[in-house]
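Inspection log for the structure reproduced underneath, given as structure tokens.
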Amino acid sequence: MSEKINVVILAAGKGTRLKIDTAKPLCPAAGKTLVDFVIESLSACSKNLGIEIDYNLVVGHKKEELMKHVKGSFPNLKINYAVQKEQLGTGHAVKTFFDAFPAAWENKFTFVVCADTPLIKPETYTEIYREVNHSGADAVCVTFTTNDPYGYGRIEHGEPGFNIVEEKDATEAQKKINEVNSGLYIFKTEHIKNFIEKIDDKNKSGEFYLTDLFKVGYNVRSHVFRDAKEFLGVNNLIQLEEVESLILERKKHELMLNGIKIINSQSSYIEPSVTIAAETTIYPHVSLMGNTQIGKHVIIEPGAVIKDSKIEDGVTVKAYSYFEKAHVKANSDIGPFARLREGSVISEECKIGNFVETKKSVLHKGVKVSHLSYVGDAEIGQNTNIGCGFITCNYDGAQKHKTTIGKDSFIGSDCQMIAPINLGDRVYIGSGSTINKDVPDDAFAIARQRQTTKEGMAPKFIKKK
Ligand code: UD1
Ligand code: MG
């Protein structure tokens, strides 16, 4: 017998009750999919226990999509896939797995978990593993009590053991039982071997129920967990919404317990993948997503959306700014209403004001672009000030071109740079200039028509109503 544990994740079902085209295990929640949460939690349990897990996914409905996703999300995890051609029930799914991987009978214990219960914590897997290992029971079924048992298998206790009665098969009296099956179990693998062939499909659904591995008379235990929310299963889109809110709530509570101030936390969306350092303040209605890292003493004002970005210490992100794959270094001040697109690197102590868009541009320390500008494919040197209404004309209809501006320069308002173009250090560009020739260090350039003033001529043009 090996010390490795089998994990069988049931993910072949159609998810008919969802009424959407997406395979249930791939339903999105808080930036990941349901099955991602299940695998992550199990791998954390494997680390806690110091025991190796053999990961197995039973796939069927939309199997190619599902396998491709899981391989992409967990490139370093070896996962076996057993294909259940027809979804004849959860018991049939487990049998399909052992038929495909008979070597798995050698592992002493087997977890079976549904791909649609993403909130189960690593500690729970660890706890039931210890229980089956030490109690002498052949299997442990995780149960919880609920005022709304509808849809779950009811636990009907006997002595010893218990039956699990599915919703469709339950009598009115059984439907009133409020201890229910979470869908998470750990078995001595031998118990599955002894009883799996005895499961039949003589029930209202005509399915082979895995729950028939639990019966009055069997040496099996039920373990009631107090936090029913942890076992919430996703069978419809209302439950998906509930599960997602709980994932987000967990994340926000964890952040707050680590010194991050989140004002009116229910209103913000912070994905579990985001990291935030202590003493940062998040105002209401903020969205933080993907691979986002936020430093300490950062202030994020209402309505900001930050995806896959790095925000260093002491930065202020003013209201309604939108970042994607951007990097903002310490003590910069961004927004309100700024848009930092992919490849924007805003160095220390910069100021990006309202209605400024940046893309694939490096702004060195202390650069200011305070109002209404587009900075694309550009590099701007230290302490340069860009006036209002500045535009890099970076696109000629076919290709993108680069604008370079040196340090300590001053670009007047309403200037356009026709890229490719290079401006030196300490240059001064007069307002309203369209610059299409390079400007050397220390030069002044102006490119606009001279003003003509005709005294007394205004009345000719002023229209009267
Ligand atoms: C199941 C349990 C129920 C429990 C509930 C907890 C059974 C018979 N019932 O019901 O007691 O209270 O979970 O959430 O097990 N699947 C397959 N192949 C199949 C059928 C299902 O892989 O042939 C997969 C599904 O993709 C899903 C999981 O098994 O991930 C559970 O199936 P689902 O239809 O959601 O079962 P429930 O009705 O929720
Ligand atoms: Mg379910």
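Both backbone and side-chain heavy atoms feed into the values below; hydrogens, waters and symmetry mates do not. Remember, it's 1-based here, ligands and their atoms both numbered in the order they're listed.
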* Asked: Do we see a donor-acceptor contact under 3.5 Å between the side chains of Tyr150 and Lys175?
  -> no

* Looking only at non-hydrogen atoms, which of Leu66, Thr90, Thr96 approaches atom 32 (O) of ligand 1 most closely? -> Thr90

* Any idea which atoms of ligand 1 are less than 4.0 Å away from a heavy-atom of Ser182? -> 6 (C), 14 (O)

* Asked: Tyr152 and Phe144: aromatic ring centres closer than 6.0 Å?
  -> yes

* **Check: Glu230/Thr124 side-chain N/O donor and acceptor closer than 3.5 Å** => yes

* **Ala115: numbered ligand 1 atoms lying under 4.0 Å from its heavy atoms** => 30 (O)

* **Proximity of His223 and Phe225 rings by center, below 6.0 Å** => yes

* Output the distance between atom CD (Glu342) and atom OG1 (Thr358), rounded to the nearest 0.5 Å. => 11.5 Å

* Between His401 and Asp396, is any side-chain donor less than 3.5 angstrom from a side-chain acceptor? -> yes

* Structure fact -> For Tyr152, the atoms of ligand 1 under 4.0 Å from one of its heavy atoms are 6 (C), 12 (O), 14 (O)

* For ligand 1, which atoms have a heavy atom of Thr211 less than 4.0 angstrom away? -> 7 (C), 8 (C), 11 (O), 15 (O)

* Could you verify whether a donor N or O on one side chain and an acceptor N or O on the other, from Tyr269 and Glu271, lie under 3.5 Å apart? => yes

* Structure fact -> One finds that the ligand 1 atoms under 4.0 Å from a non-hydrogen atom of Gln87 are 19 (C), 23 (O)

* Give the contacting part of His61 toward ligand 1: side chain, backbone, both or neither, where contact means a heavy-atom distance below 4.0 Å. => neither

* Among side-chain atoms of Lys24 and Asn235, is any donor-acceptor pair under 3.5 angstrom? -> yes

* Structure fact -> The closest protein heavy-atom partner of atom 27 (C) of ligand 1 is Leu10 O, 3.7 Å

* Asked: When you measure from atom 18 (N) of ligand 1 to every protein heavy atom, which one gives the shortest distance, and what is it?
  -> Gln84 OE1, 2.7 Å

* To do: Using only heavy-atom distances, determine whether the side chains of Thr143 and Ser222 contain a donor-acceptor pair under 3.5 Å.
  => no

* Write out the residue and atom name of the closest protein heavy atom to atom 26 (O) of ligand 1, then the distance separating them to 0.1 Å. => Gly13 N, 2.8 Å

* Report the member of Glu166, Lys168, Glu167, Arg17 with the shortest heavy-atom distance to atom 38 (O) of ligand 1. => Arg17

* Asked: Which one of Gly89, Ala23, Ala12, Ala93 has a non-hydrogen atom at the shortest distance from atom 23 (O) of ligand 1?
  -> Gly89

* To do: Using a strict 4.0 Å cut-off to heavy atoms of Asn235, name the atoms of ligand 1 that fall inside it.
  => 35 (O), 39 (O)

* **For atom 12 (O) of ligand 1, the protein heavy atom that lies nearest, with its residue and separation** => Asn181 O, 2.6 Å

* Asked: Does some non-hydrogen atom of the protein lie less than 4.0 angstrom from atom 1 (C) of ligand 1?
  -> no

* Taking only heavy atoms of Asp116 into account, list the atoms of ligand 1 that are under 4.0 Å away from them. => 30 (O), 35 (O)

* To do: Run through the protein N/O/S atoms less than 2.8 Å from the Mg ion (ligand 2) and write them out by chain and number.
  => Asp116 OD2, Asn235 OD1

* Does Leu88 have a heavy atom less than 4.0 Å from any atom of ligand 1? -> yes

* Asked: Looking only at heavy atoms of Lys24, does any of them come nearer than 4.0 Å to an atom of ligand 1?
  -> yes

* Please write down residue, atom name and distance for the protein heavy atom closest to atom 31 (C) of ligand 1. => Cys114 SG, 3.6 Å

* Test the Lys188-Phe109 pair against the cation-pi criterion, namely NZ or CZ under 6.0 angstrom from the six-membered ring centroid and within 45° of the ring axis. => no

* Counterpart residues, side-chain hydrogen bond (donor to acceptor under 3.5 Å, both in side chains), relative to Thr280 (two or more places apart) -> none

* Which of these, Leu363, Ile346, Val345, sits in a side chain to side chain contact (heavy atoms under 4.5 Å, CB included) with Lys329? -> Val345

* Asked: Would you call the rings of His92 and Phe208 parallel, tilted or perpendicular, where under 30° means parallel and over 60° means perpendicular?
  -> tilted

* Say whether Gly153, considering both its backbone and side-chain N or O atoms, lies within less than 3.5 Å of an N or O atom on ligand 1. => yes

* Does a donor on one side chain and an acceptor on the other come within less than 3.5 Å for Asn80 and Asn56? -> yes

* To do: May I ask you to decide if the ring planes of Phe187 and Phe214 are parallel, tilted or perpendicular, using 30° and 60° as cut-offs?
  => tilted

* To do: May I ask you to decide if the ring planes of His191 and Tyr218 are parallel, tilted or perpendicular, using 30° and 60° as cut-offs?
  => perpendicular

